[in-house]
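Just so you know, these numbers come straight off a predicted model, no measurement behind them. Values below: every heavy atom of this structure, side chains too, minus hydrogens, waters and symmetry copies. Naming: A, B, ... by sequence-line order, numbering from 1 per chain.
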There are 2 protein chains.
Amino acid sequence: MDEKPIPDIVVGRLPLYLRALRHMISEGRQLTSSQELAERLGISAAQIRKDLSHFGEFGKQGTGYNIDFLAEQLERILKVDRVWNMAVIGAGDIGSAVARYQGFANRGFKITLIFDNDPEKIGRRIGPFTVHNMDQIGTLIKAENIKVAMIAVPTAYAQEVADQLVSAGIKAILNYAPLNINVPSGVWVEYTDPVTHLQHMTYYLD
Amino acid sequence: MDEKPIPDIVVGRLPLYLRALRHMISEGRQLTSSQELAERLGISAAQIRKDLSHFGEFGKQGTGYNIDFLAEQLERILKVDRVWNMAVIGAGDIGSAVARYQGFANRGFKITLIFDNDPEKIGRRIGPFTVHNMDQIGTLIKAENIKVAMIAVPTAYAQEVADQLVSAGIKAILNYAPLNINVPSGVWVEYTDPVTHLQHMTYYLD
DNA sequence: TAGATTGTTAATCGATTAACAATC
DNA sequence: TAGATTGTTAATCGATTAACAATC
């Protein structure tokens, strides 16, 4: 009776499929195929069909996929058929850029809180947000029932901030600090570090 | 006689190993083991040993790895035992944050050029850099023999900027625009898009 | 209808893990 | 020496691909 969980590597590709589909929608397209998606994404058509088959049957033989419909299904599966409010911890260069980033809109996320511990920054505005004191993390995140946060503080403070976020009920953390952090099970962490990407590529350069 | 290429997935983990080792160095540590690295990174010790074994024998039985030595070896393998000058295209929020980011130093990278096409921005300073006109991309990148670039322009312009970078001789691109771009073989592209990470995590939330 | 494309199965391919001799 | 840990082999596990019946 055990339902096999979907492989995480499959889940990780769904946002890429969704991103490509949204782009097609912006081009006014209505139909696509596993073949076309595969070419755009640089992966195989068979893999796309296999990945999607874990979740249902979304296409029509001979025709392909209705782009709007498939995008809606992926949004539902990824739970971005709603808006997740987010907190940003750290109002330095990265935190500020994140807070002003227009790319979250219509993709399921919205920043609603930003924190720093620098008295110079607390109370200042960044875009539409007022920077809150970090000692308010627990109170405000709980009050607004926020589940998703981004860490944009100096490396040395990332673990301690992560601990506070977990205490405040955060369940998903995107960590911009170039450091692995430990969190209890049931809390998810992803990392974004430009240098690891760059070092991956330089391996292949002369 | 054909040497088997190292699996790309292995290459992609080396920067994570290096990052953990550098962190240990900053803690004043001298020795580590595959076991300890594995715990910090959340992967298996066997995998770390197997990955490293593609490149040589860096440890000592019974003792483990000399952290400085292993870090040096990984830096050599990843070709970050030198400094790669980089160009940033786009001086908006992301480009500006990237240009001010302190995290490239001592990890093998240094920004030396930043471009935008907004007359308001051209000639202005961002941190230590003067924003150049995008019509100078080819000239300046060739003149400085730059091989690595970051794209931080609006999605709609990312492909066109990528084409210009390729013409200018760029071989590695880190793309901040949430869009797949096409480049000829011999040019490497990696992507960084916070939303794909966030959507990956929300799959697992309620 | 003929052509196209899906969803799925089975085969292949590759990555991870377990185990241990070697040895520091 | 005894204990610890590597590097490597073989086994396991899982992911990708090829192929095709089903069918729009």
Please state whether the rings of Tyr203(B) and Phe55(A) are parallel, tilted or perpendicular, taking 30° and 60° as the class boundaries. perpendicular
Over 60° means perpendicular and under 30° means parallel, so tell me whether Tyr204(A) and Trp188(B) are parallel, tilted or perpendicular. parallel
Taking for each residue the nucleotide of DNA chain D with the nearest heavy atom, is it Ser34(B) or Lys60(A) whose nucleotide lies nearer the 5' end? Ser34(B)
Bending between helix ends of the helix from dG3(C)-dC24(D) to dC24(C)-dG3(D) [5 pairs per end, 10° resolution]: 20°
Starting at [atom1] of [X] and ending at [atom2] of [N], how long is that distance when rounded to a whole Å?
| X | N | atom1 | atom2 | answer |
| --- | --- | --- | --- | --- |
| Ile48(A) | dT6(C) | CD1 | C1' | 13 Å |
| Asp51(A) | dT17(D) | CG | C1' | 12 Å |
| Ile6(A) | dG14(D) | CD1 | C1' | 14 Å |
| Leu31(A) | dA4(C) | CG | P | 15 Å |
| Ile43(B) | dA18(C) | CD1 | P | 14 Å |
| Gln47(A) | dA11(C) | CD | P | 20 Å |
| Phe58(B) | dT5(D) | CZ | C1' | 17 Å |
| Arg49(A) | dT23(D) | CZ | P | 16 Å |

N-O pairing of Arg13(A) and Asp51(A) below 4.0 Å: yes
Any carboxylate oxygen within less than 4.0 angstrom of a Lys/Arg side-chain nitrogen, looking at Glu75(B) and Arg107(B)? no
How about Gln35(B) and Glu39(B): does a side-chain donor come under 3.5 Å of a side-chain acceptor? yes
Closest to side chain of [X], choosing from [options]:
| X | options | result |
| --- | --- | --- |
| Lys50(A) | dT8(C), dT8(D), dC24(C) | dT8(C) |
| Gln61(B) | dT8(C), dT17(C), dA22(C) | dA22(C) |
| Ile9(A) | dT5(C), dA15(D), dT6(D) | dA15(D) |
| Ser44(A) | dT17(C), dT17(D), dT8(C) | dT17(D) |
| Ser53(A) | dC24(D), dT8(C), dA18(C) | dT8(C) |

Compare all side-chain heavy atoms of Tyr65(A) with those of Arg49(A) and state whether any distance is below 4.5 angstrom. yes
Kindly say if Tyr65(A) contacts the phosphate of dG7(C), meaning a side-chain N or O under 4.0 Å from OP1 or OP2. yes
Is it true that a side-chain atom of Ser96(B) and a backbone atom of Ala91(B) form a donor plus acceptor pair closer than 3.5 Å? yes
